[in-house]
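Inspection log for the structure reproduced underneath, given as structure tokens.
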Amino acid sequence: MDFELTDEQKARRKEFFDACKELEKLKPLRLVGIEGVFEYDECWEFHLHCARQFAQKGWLSLAWPPEYGGTGNMMDRVLFAEARGYHGIPGVDIFGVGMLAPTLIQAGSEEVKKEFLPPIARAEVMWCELWSEPNAGSDLAALSTTAIRKGDEYIINGQKTWNTGAHRADWGFGVFKTDLNARKHHNLTFILLDMKTPGITVKPIRYMDGDSPFCEVYFDDVRVPAKNIVGQENEGWAVVNTLAGFERSSLTEIMSLVRALEELVKFCNETKRNGQPLSRDPVIRNRIAQLACELEAARA
Ligand SMILES: Cc1cc2nc3c(=O)[nH]c(=O)nc-3n(C[C@H](O)[C@H](O)[C@H](O)COP(=O)(O)OP(=O)(O)OC[C@H]3O[C@@H](n4cnc5c(N)ncnc54)[C@H](O)[C@@H]3O)c2cc1C
């Protein structure tokens, strides 16, 4: 079997890598790691700048169905993720583009897809995830924040926590208890809500040394249109499982490690110990070779 990229894929790969290489020249020094974009204003602005550039090229909706603004194919999505990972470029909303969009494509109603997918593709709306609670983490289905149906609305009361980037987000997707009597896993509904809705209070959680990307989010009689649900009422657990399947893709992280390894090799070639470059030391050579093999296996 031939695993080489086709000429067309090589050209596409070059296009993604060239764009990310250019953006890297503008990257703030303080931007470190995926969650770094949420911490400092300059990092968030850079994230939005990259997102708008990618949106113009149609790269935030790679492999989506064309009727919702989709472009390209799955291989494009892989190559784009590799380029961003290698150059450490944000611009892809991990929650909106990475998790919610594929979930909506799979589990959303036609109405919900038409309303929420295009603004994600255009980088107009940034999202956060409102799942964990002070007493519901690993056992998420034990959550207690309620969304009680009243006419055409849900009224939400309670608290979420550890919500990455909630202080930056325009919209949030969350899971809430909508039936107080039904059995566990059949009493939750997956709801989309505007973070500017009255009654929502977002409190960033501070690290000992300053800012953090995490927040607490409080809901005090927050009214959300009932049409903003994904899947069926009280069957939100199925949607949670669908979304969780998209949460742990690590293509960008692997390529960031490829870059780190290249820099390590460069350091070992340039740094001398006892008059010899570190890269001549058999123990170091062996360790680097091991890392290279592990990374190659991870990419495959
Ligand atoms: C970097 C980061 C980003 C996050 N971002 C978000 C976000 O954007 N939105 C959001 O909603 N949440 C977010 N979270 C929260 C995350 O989903 C929770 O931390 C996670 O679900 C675990 O919950 P917990 O922290 O309450 O730990 P707990 O559930 O209290 O677990 C604590 C420890 O107990 C162990 N444990 C738990 N239950 C059992 C059991 N039955 N048997 C044996 N051991 C057990 C666990 O393995 C763990 O070691 C984030 C967390 C991290 C670390």
Side-chain angles (χ1 to χ4, degrees), residues 30-40 43-44 47 51 85 88 90 92-104 107 116 120 125-147 154 156-178 184-185 187-195 197 200-219 222 224 228-231 236-254 256-257:
R30 290 206 285 187
L31 178 52
V32 179
I34 298 173
E35 274 141 359
V37 293
F38 303 109
E39 284 182 53
Y40 304 105
C43 299
W44 182 248
H47 169 61
V92 170
D93 176 12
I94 51 175
F95 298 110
V97 177
M99 303 176 204
L100 183 64
T103 304
L104 294 184
F116 292 99
I120 293 175
V125 174
M126 297 292 148
W127 289 80
C128 66
E129 181 184 65
L130 304 164
W131 287 12
S132 306
E133 297 185 3
N135 292 312
S138 305
D139 186 10
L140 181 62
L143 63 85
S144 60
T145 299
T146 54
Y154 289 100
I156 304 182
N157 281 288
Q159 188 206 333
K160 299 287 177 180
T161 192
W162 301 123
N163 311 112
T164 308
H167 58 313
R168 306 277 186 193
D170 306 299
W171 277 69
F173 56 82
V175 61
F176 303 93
K177 189 179 271 190
T178 38
K184 204 173 172 185
H185 300 110
N187 55 354
L188 306 174
T189 302
F190 195 99
I191 300 178
L192 310 175
L193 48 95
D194 186 337
M195 293 298 285
T197 313
I200 296 181
T201 307
V202 180
K203 290 190 183 170
I205 299 170
R206 300 261 171 243
Y207 285 152
M208 282 172 76
D209 64 348
D211 292 336
S212 97
F214 308 111
C215 301
E216 294 174 319
V217 179
Y218 294 84
F219 298 86
V222 175
V224 177
N228 285 11
I229 69 170
V230 183
W237 189 249
V239 185
V240 165
N241 281 311
T242 301
L243 189 140
F246 297 114
E247 191 162 351
R248 296 293 175 216
S249 157
S250 51
L251 284 169
T252 48
E253 285 78 2
I254 289 168
S256 74
L257 293 175

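All heavy atoms count here, side chains included; hydrogens, waters and symmetry mates do not. In each ligand, atom 1 is the first atom listed, and ligand 1 is the first ligand listed.
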Tell me, please, which residues at least two apart from Tyr154 pass ring-ring contact (aromatic ring centres under 6.0 Å, His included).
none
Correct closest heavy-atom pair for Met195 and Gly172 would be CG-N, 3.8 Å
Which atom pair, heavy atoms only, marks the closest approach of Gly36 to Cys43?
O-CB, 3.7 Å
May I have every N or O pair linking ligand 1 to the protein at under 3.5 Å, one per line with atom names and distance?
| from | atom 1 | to | atom 2 | distance (Å) |
| --- | --- | --- | --- | --- |
| ligand 1 | 5 (N) | Trp162 | O | 3.1 |
| ligand 1 | 5 (N) | Thr164 | OG1 | 2.8 |
| ligand 1 | 8 (O) | Thr164 | N | 3.0 |
| ligand 1 | 8 (O) | Thr164 | OG1 | 3.2 |
| ligand 1 | 9 (N) | Glu129 | O | 2.9 |
| ligand 1 | 9 (N) | Glu129 | OE1 | 3.2 |
| ligand 1 | 11 (O) | Trp131 | N | 2.9 |
| ligand 1 | 11 (O) | Ser132 | N | 2.7 |
| ligand 1 | 11 (O) | Ser132 | OG | 3.3 |
| ligand 1 | 11 (O) | Asn163 | ND2 | 3.4 |
| ligand 1 | 12 (N) | Ser132 | OG | 2.7 |
| ligand 1 | 17 (O) | Ser132 | OG | 3.2 |
| ligand 1 | 21 (O) | Gly137 | O | 3.4 |
| ligand 1 | 23 (O) | Ser138 | N | 3.3 |
| ligand 1 | 29 (O) | Ser138 | N | 2.9 |
| ligand 1 | 29 (O) | Ser138 | OG | 2.7 |

Identify the two heavy atoms, one from Phe38 and one from Arg168, that lie closest to each other, and give their separation to 0.1 Å.
O-NE, 3.0 Å
Trp171: partners by ring-ring contact (aromatic ring centres under 6.0 Å, His included), with sequence neighbours left out
Phe116, Trp127
Would you please name every residue forming a salt bridge (Lys or Arg N to Asp or Glu O under 4.0 Å) with Glu133, sequence neighbours left out?
Lys160
